Participant: 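Sending over a structure as structure tokens; questions will come in a sec.
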Amino acid sequence: MVQLNRLLERDPRDAFVLYGLGQEHAKAGNHAEAIAMFDRALEADAGTFYAYFFKARCLSALGRREEAVAVAEAGQAAAARAGDAKATSELGSLVMELEHA
């Protein structure tokens, strides 16, 4: 995570680095910080579709299922508009999983 933070210092709007930091925080169980990083990644590049996916997972881990579903649906719609079939499908599967959890 140290290297990612150094890269972020160079470019605080690097969506890939922000996404990576979000992943690291999520792995550590730091879901609130992960959500903040995923939000920043999406602000920097709305095409970071998997940030929606993992943000929704973190929200679900915090017991915020309705928000998680809304985020996954927003990501699915964004991916569909962009023509990213894989992300659209994976986010759709996540929506179904969250709705039936």
Side-chain angles (χ1 to χ4, degrees):
M1 193 165 351
V2 172
Q3 288 184 333
L4 287 172
N5 280 313
R6 285 186 189 142
L7 291 171
L8 190 61
E9 286 175 12
R10 289 186 206 157
D11 183 1
R13 293 194 44 82
D14 185 320
F16 183 75
V17 172
L18 290 162
Y19 172 80
L21 282 167
Q23 289 284 58
E24 292 300 317
H25 284 292
K27 285 179 197 171
N30 220 353
H31 299 295
E33 188 62 30
I35 291 167
M37 291 293 114
F38 293 135
D39 281 340
R40 287 181 60 191
L42 288 165
E43 284 176 24
D45 180 359
T48 312
F49 304 122
Y50 289 97
Y52 288 103
F53 185 95
F54 290 104
K55 177 182 177 182
R57 285 247 185 244
C58 288
L59 287 165
S60 180
L62 292 173
R64 296 162 56 185
R65 192 179 60 77
E66 286 182 25
E67 286 177 79
V69 170
V71 166
E73 288 174 335
Q76 180 184 21
R81 282 191 304 274
D84 187 328
K86 183 174 187 230
T88 301
S89 174
E90 290 180 2
L91 283 155
S93 294
L94 179 60
V95 168
M96 291 184 67
E97 175 186 322
L98 293 168
E99 288 178 336
H100 296 94

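Positions are given from 1, in the same order as the sequence printed here. It should be emphasised that the depicted structure is a prediction, and the values quoted were computed from it without experimental measurement.
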Participant: Evaluate the side-chain contact (heavy atoms from CB on, under 4.5 Å) criterion for residues Lys86 and Phe49: first the C-alpha distance (whole Å), next the side-chain angles of each, then the deciding distance (0.1 Å), finally the verdict.
Facilitator: CA-CA 10 Å; Lys86 183 174 187 230; Phe49 304 122; over 6 Å; no
Participant: Give a yes or no on whether the backbone of Asp84 and the side-chain of Thr88 come within a donor-acceptor separation of less than 3.5 Å.
Facilitator: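 The answer is yes, because a donor-acceptor pair under 3.5 Å joins these two groups.
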Participant: How about Glu99: does its CD atom have over 12 heavy atoms from other parts shown lying under 6.0 Å from it?
Facilitator: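 Counting other residues, nucleotides and ligands, CD of Glu99 exceeds 12 neighbours.
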Participant: Among Ile, Leu, Val, Met, Phe, Trp and Tyr joined by side-chain contacts under 4.5 Å, find the other residues sharing a cluster with Leu7 and list them by chain and number.
Facilitator: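 Once heavy-atom contacts under 4.5 Å are chained together, Leu7 belongs with Met1, Leu4, Leu8, Val17, Leu18, Leu21, Met37.
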Participant: Would you mind checking if Glu24 and Lys27 are paired as a salt bridge, meaning a charged N to carboxylate O distance below 4.0 Å?
Facilitator: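 Here Lys27 pairs with Glu24 in a salt bridge, since their nearest N and O are under 4.0 Å apart.
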Participant: Could you pull out the closest heavy-atom pair between Ala26 and His31, with the gap in Å?
Facilitator: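 Closest approach of Ala26 to His31, heavy atoms only: O-CE1, 3.9 Å.
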Participant: Taking Ser89's backbone N and O only, do any of them form a donor-acceptor pair with Ser93's side chain (distance below 3.5 Å, no angle check)?
Facilitator: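 A pair under 3.5 Å: yes.
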Participant: With a 4.5 Å cut-off on side-chain heavy atoms, are Arg40 and Pro12 touching?
Facilitator: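 Heavy-atom side-chain distance check passes, below 4.5 Å.
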Participant: Going by heavy atoms in the side chains, are Leu62 and Ile35 under 4.5 Å from each other?
Facilitator: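 Yes, their side chains come closer than 4.5 Å.
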Participant: What heavy-atom pair brings Ala72 and Leu94 nearest, and what distance separates the two atoms?
Facilitator: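 Between these two residues, the closest heavy atoms are CB-CD2, 4.1 Å.
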Participant: First locate atom CZ of Phe54, then atom OG of Ser60, and finally report the distance between them rounded to the nearest 0.5 Å.
Facilitator: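 Those atoms lie 13.0 Å apart.
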Participant: Quick one: closest heavy-atom pair of Ala56 and Ala68, and the distance?
Facilitator: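 That would be O-CB, 3.2 Å.
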Participant: Which pairs count as side chain to side chain donor-acceptor pair (under 3.5 Å) when at least one residue sits in residues 44-58, sequence neighbours excluded?
Facilitator: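 Qualifying pairs, neighbours excluded: Asp39-Lys55, Tyr50-Glu90, Arg57-Glu97.
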